[in-house]
Amino acid sequence: MRGYRFDFRCYRRRFLRPLVTNHGIWHTREGIIVCLGGCGYGEIAPISWFGSETLEQALDFCRQLPPEVTEEMIFSIPDSLPACQFGFQSALGGIGNGENKEYTQFLTYSGLLQSGEGALSQWERLWKQGYRTFKWKIGVDAISNELEIFELLTRSLPPAAKLRLDANGGLSYEEAKVWLGICDDISANIEFLEQPLPVSQFSAMLELSANFQTAIALDESVATLQQLENCFQQGWRGIFVIKPGIAGSPSRLRQFCQKHQIDAVFSSVFETEIGRQAALQLAAELSLTNRAVGFGINHFLEPG
Ligand SMILES: O=C(O)CCC(=O)c1ccccc1C(=O)O
Ligand SMILES: [Mg+2]
């Protein structure tokens with residue numbers, strides 16, 4: 001079998017503004033660019049706190065590979081290394097040669113707002129840049145403060161705007177009911193509430209999705225393809241957030257989405273242009289609905 005000359009390099013990029021979520025504060029994005037001679041580039045951009053391997057585990061995997069790798073080696077990367085599966089398979093697919101530009105041009109994008117009240121002064125700039133879907137992080141501050149900002153935000157957004165709320169698993173069951181109740185009642189267009197509860201509380205989220213009109217999207221619960229398959233089998237028919245960069249094998253992801261016709265929202269892992277193009281091509285190919293993709297603005301200080 002044909003071998004490809006293999007090389008890799010680490011990168012580090014600082015966020016323009018640290019990313020604040022219920023998981024904590026994220027300052028620096030680190031990852032690995034892999035190169036398969038004569039084939040293309042791929043990106044390994046793990047988020048271990050989200051359920052992928054760690055950067056160290058990905059590096060160890062790259063370091064133990066021989067100077068020439070085969071397709072067979074790439075397709076036998078274990079499921080415990082989902083970001084590596086993505087990086088190597090996209091390099092093999094010759095990602096970066098722009099072959100699918102004709103698909104990705106039809107995607108619409110969601111803009112990620114700053115957490116807290118920063119969102120109030122930020123959305124208009126994004127609106128002027130053409131964004132019509134916005135995402136705002138909740139579960140970061142006390143619920144009373146967040147509800148106050150939410151009211152101001154939803155009253156100022158134009159009727160054509162869609163708003164996604166992302167709790168990153170940071171709400172209690174009672175808090176999730178409060179948020180969903182308010183979202184059901186207001187006239188603003190709340191597209192969905194993302195990952196209200198921790199991954200361990202799947203059945204509670206299933207129950208919430210049956211009892212409220214506002215849609216719920218699973219994110220952390222379906223971070224990897226294995227988790228995605230699991231939640232589908234356990235009856236989830238709401239929205240699935242898919243982060244191709246950490247989901248695992250793109251070919252298996254493609255098969256799963258095509259077989260089950262799931263309602264998917266594709267989203268970035270704040271990768272460089274290399275991983276981004278590979279992920280966007282999958283998004284363009286596998287998005288059944290016209291939901292905006294979570295690949296908004298450039299969040300980095302230094303260019304890729
Ligand atoms: O999905 C988006 O709109 C932006 C990407 C995003 O929010 C994100 C990016 C990296 C890690 C976690 C998350 C998240 O959805 O919680
Ligand atoms: Mg999320």
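For ligands, and for the atoms within them, numbers begin at 1 and follow the listed sequence. Keep in mind that this is a model prediction, so the values were computed, not measured.
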Measuring centre to centre across the rings, with the benzene-like ring taken for any Trp, is [X] within less than 6.0 Å of [Y]?
X: Phe150; Y: Trp179; result: yes
X: His260; Y: Phe232; result: yes
X: Phe61; Y: Phe8; result: no
X: Trp136; Y: Trp123; result: no

>> Looking only at N, O or S atoms, which one in Glu194 sits nearest to the Mg ion (ligand 2)?
In response: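 Glu194's closest N, O or S atom to the Mg ion (ligand 2) is named OE2.
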> Would you call the rings of Phe6 and Phe88 parallel, tilted or perpendicular, where under 30° means parallel and over 60° means perpendicular?
Replying inline: tilted
> Would you call the rings of Trp236 and Phe240 parallel, tilted or perpendicular, where under 30° means parallel and over 60° means perpendicular?
Replying inline: perpendicular
> Does anything in residues 25-50 pair up under salt bridge (charged side-chain N to carboxylate O under 4.0 Å, His left out), and if so which pairs, sequence neighbours excluded?
Replying inline: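 Only Arg12-Glu30 qualify under salt bridge (charged side-chain N to carboxylate O under 4.0 Å, His left out).
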>> Quick check for you: with the Mg ion (ligand 2) as the vertex, what angle do OD2 of Asp219 and OD2 of Asp166 span, to 10°?
In response: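 Value returned, to the nearest 10°, is 170°.
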Short N or O contacts of ligand 1 with protein, under 3.5 Å, listed by atom name?
| from | atom 1 | to | atom 2 | distance (Å) |
| --- | --- | --- | --- | --- |
| ligand 1 | 1 (O) | Lys135 | NZ | 2.8 |
| ligand 1 | 1 (O) | Ser267 | OG | 2.9 |
| ligand 1 | 7 (O) | Lys135 | NZ | 3.1 |
| ligand 1 | 7 (O) | Lys137 | NZ | 3.4 |
| ligand 1 | 15 (O) | Lys135 | NZ | 3.0 |
| ligand 1 | 15 (O) | Asp166 | OD2 | 3.1 |
| ligand 1 | 15 (O) | Glu194 | OE2 | 3.2 |
| ligand 1 | 15 (O) | Asp219 | OD2 | 2.9 |
| ligand 1 | 15 (O) | Lys243 | NZ | 2.9 |
| ligand 1 | 16 (O) | Lys137 | NZ | 2.8 |
| ligand 1 | 16 (O) | Asp166 | OD2 | 3.0 |
| ligand 1 | 16 (O) | Asn168 | ND2 | 2.7 |

